[in-house]
Amino acid sequence: MKRAPIVTFTSDFGNREYYVGAVKGVISEQCPGAQVIDITHEIRSHDIWEAAFVLASAYAEFPARTVHLAVVDPGVGSARRGIAASTEAHSFVAPDNGLLSLIFEREPVRRVVSIEAEHYYRRPVAPTFHG
C-alpha cells in the first residue's frame, strides 16, 4: 500500500499568526493527502543556526522520501533564493542561507537546485512572506 506523502514543517513563524496555517493550506492545495507534521514553529526569530540544529536533529527520524520544509530567513524580501536539495533518503526545501548546512555535513548531497522558475511562485508574491 502506498503511503501518503509526508512533509515536515519547521519555522520561526510562531503559532499566534496565520502564517503556519497559510503554508499548510498551500501544501494541501498542491499535494492533497499529504501529511504535514510540524517539527516546531518556535525557532527564535531569524535564528538560522537554531533552525539548522533542530532540523538536523529531527529529519532522520522520518521515513525515506519525506520532504522537509524549513522557513527561517532574516533575508526575506531580499534577492536570496530558495533551494531544493536531496540526499539519498530525504528532500529539503529552504532559503539558501545556511539553514541546511548541518544536513550537508552529515549526508552526501545528491542534488541542489535554485528555485527560480516563475511557475513555482504563487501570485502575488508578498514582499515579506515567501513561505
Side-chain angles (χ1 to χ4, degrees):
M1 183 163 90
K2 187 176 176 183
R3 71 171 170 84
I6 297 173
V7 177
T8 71
F9 187 15
T10 302
S11 79
D12 60 353
F13 295 162
N15 289 301
R16 294 186 55 147
E17 303 291 338
Y18 71 90
Y19 304 121
V20 171
V23 172
K24 288 180 176 183
V26 171
I27 293 169
S28 180
E29 179 182 45
Q30 297 300 313
C31 189
Q35 180 182 4
V36 181
I37 299 174
D38 298 306
I39 293 178
T40 185
H41 300 294
E42 299 301 328
I43 300 293
R44 284 185 297 268
S45 183
H46 301 144
D47 192 333
I48 295 166
W49 298 114
E50 180 183 6
F53 175 79
V54 167
L55 184 60
S57 298
Y59 82 94
E61 304 305 324
F62 290 88
R65 297 189 326 271
T66 296
V67 175
H68 303 276
L69 171 64
V71 184
V72 176
D73 188 14
V76 70
S78 70
R80 180 270 322 119
R81 62 191 176 179
I83 59 172
S86 61
T87 64
E88 187 171 326
H90 297 270
S91 296
F92 302 87
V93 178
D96 186 14
N97 62 9
L99 199 153
L100 299 179
S101 59
L102 296 177
I103 304 291
F104 293 166
E105 287 177 7
R106 293 181 182 182
E107 298 275 340
V109 178
R110 293 180 125 182
R111 186 169 186 200
V112 177
V113 296
S114 176
I115 303 169
E116 296 177 11
E118 293 293 321
H119 66 274
Y120 290 119
Y121 294 92
R122 292 177 59 120
R123 296 289 173 214
V125 176
T128 59
F129 180 61
H130 293 172

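All values below come from the heavy atoms of this structure, side chains included, with hydrogens, waters and symmetry mates left out.
Closest approach of Val71 to Pro95, counting heavy atoms only: CA-CD, 4.5 Å. Here the closest non-hydrogen pair linking Ser86 and Ser91 is CB-OG, 4.0 Å.
Going from atom CG of Leu69 over to atom CD1 of Ile37 covers 13.0 Å, rounded to the nearest 0.5 Å. Remark: Ser101 OG to Phe53 CZ distance equals 12.5 Å, nearest 0.5 Å. Remark: Asp96 CG to Ile83 CD1 distance equals 4.5 Å, nearest 0.5 Å. Note that OG of Ser45 and CG of Asp73 are 10.5 Å apart. Values are rounded to the nearest 0.5 Å. The line from CD1 of Ile48 to CD1 of Ile43 is 11.5 Å long, rounded to the nearest 0.5 Å. Note that CZ of Phe92 is 8.0 Å distant from CZ of Phe104, once rounded to the nearest 0.5 Å.
Note on Phe13 and Ile39: separate hydrophobic clusters, where clusters join Ile, Leu, Val, Met, Phe, Trp and Tyr whose side-chain heavy atoms are under 4.5 Å apart, directly or indirectly. Residues Leu100 and Ile6 fall within the same hydrophobic cluster, defined by Ile, Leu, Val, Met, Phe, Trp and Tyr side chains chained together at heavy-atom separations under 4.5 Å. In terms of hydrophobic clustering, with Ile, Leu, Val, Met, Phe, Trp and Tyr side chains grouped at heavy-atom distances under 4.5 Å, Phe62 and Val36 are assigned to different clusters.
Here Arg44 pairs with Asp47, Glu50 under the salt bridge (Lys or Arg N to Asp or Glu O under 4.0 Å) rule; sequence neighbours left out. Here Pro32 pairs with nothing under the side chain to side chain contact (heavy atoms under 4.5 Å, CB included) rule; sequence neighbours left out. In this structure Thr8 satisfies the side-chain hydrogen bond (donor to acceptor under 3.5 Å, both in side chains) test together with His68, sequence neighbours excluded. Evaluation of the side-chain hydrogen bond (donor to acceptor under 3.5 Å, both in side chains) rule for Glu42 yields Asn15 as partners, not counting sequence neighbours.
Residues Arg65 and Arg3 form a side-chain contact, since some pair of their non-hydrogen atoms from C-beta on lies under 4.5 Å apart. Contact of the Asp38 side chain with the Lys24 side chain is registered, since non-hydrogen atoms from C-beta on lie closer than 4.5 Å.
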Verdict with reasoning, Leu55 to Leu102, per side chain to side chain contact (heavy atoms under 4.5 Å, CB included): CA-CA 9 Å; Leu55 184 60; Leu102 296 177; over 6 Å; no

Checking Asp12 against His46 for the side chain to side chain contact (heavy atoms under 4.5 Å, CB included) test, could you report, in this order, the C-alpha distance in whole Å, the side-chain angles of both residues, the deciding distance, and whether it holds? CA-CA 7 Å; Asp12 60 353; His46 301 144; 3.7 Å; yes

Exercise answer: donor-acceptor pairs, residues 105-115 side-chain atoms, under 3.5 Å, sequence neighbours excluded:
unit_1	atom_1	unit_2	atom_2	d
Arg106	NH1	Ala56	O	2.6
Glu107	OE2	Tyr59	OH	2.8
Ser114	OG	Glu116	OE2	2.6

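Note on residues 21-41: pairs passing ring pair (Phe, Tyr, Trp, His ring centres under 6.0 Å), not counting sequence neighbours, are Phe9-His41.
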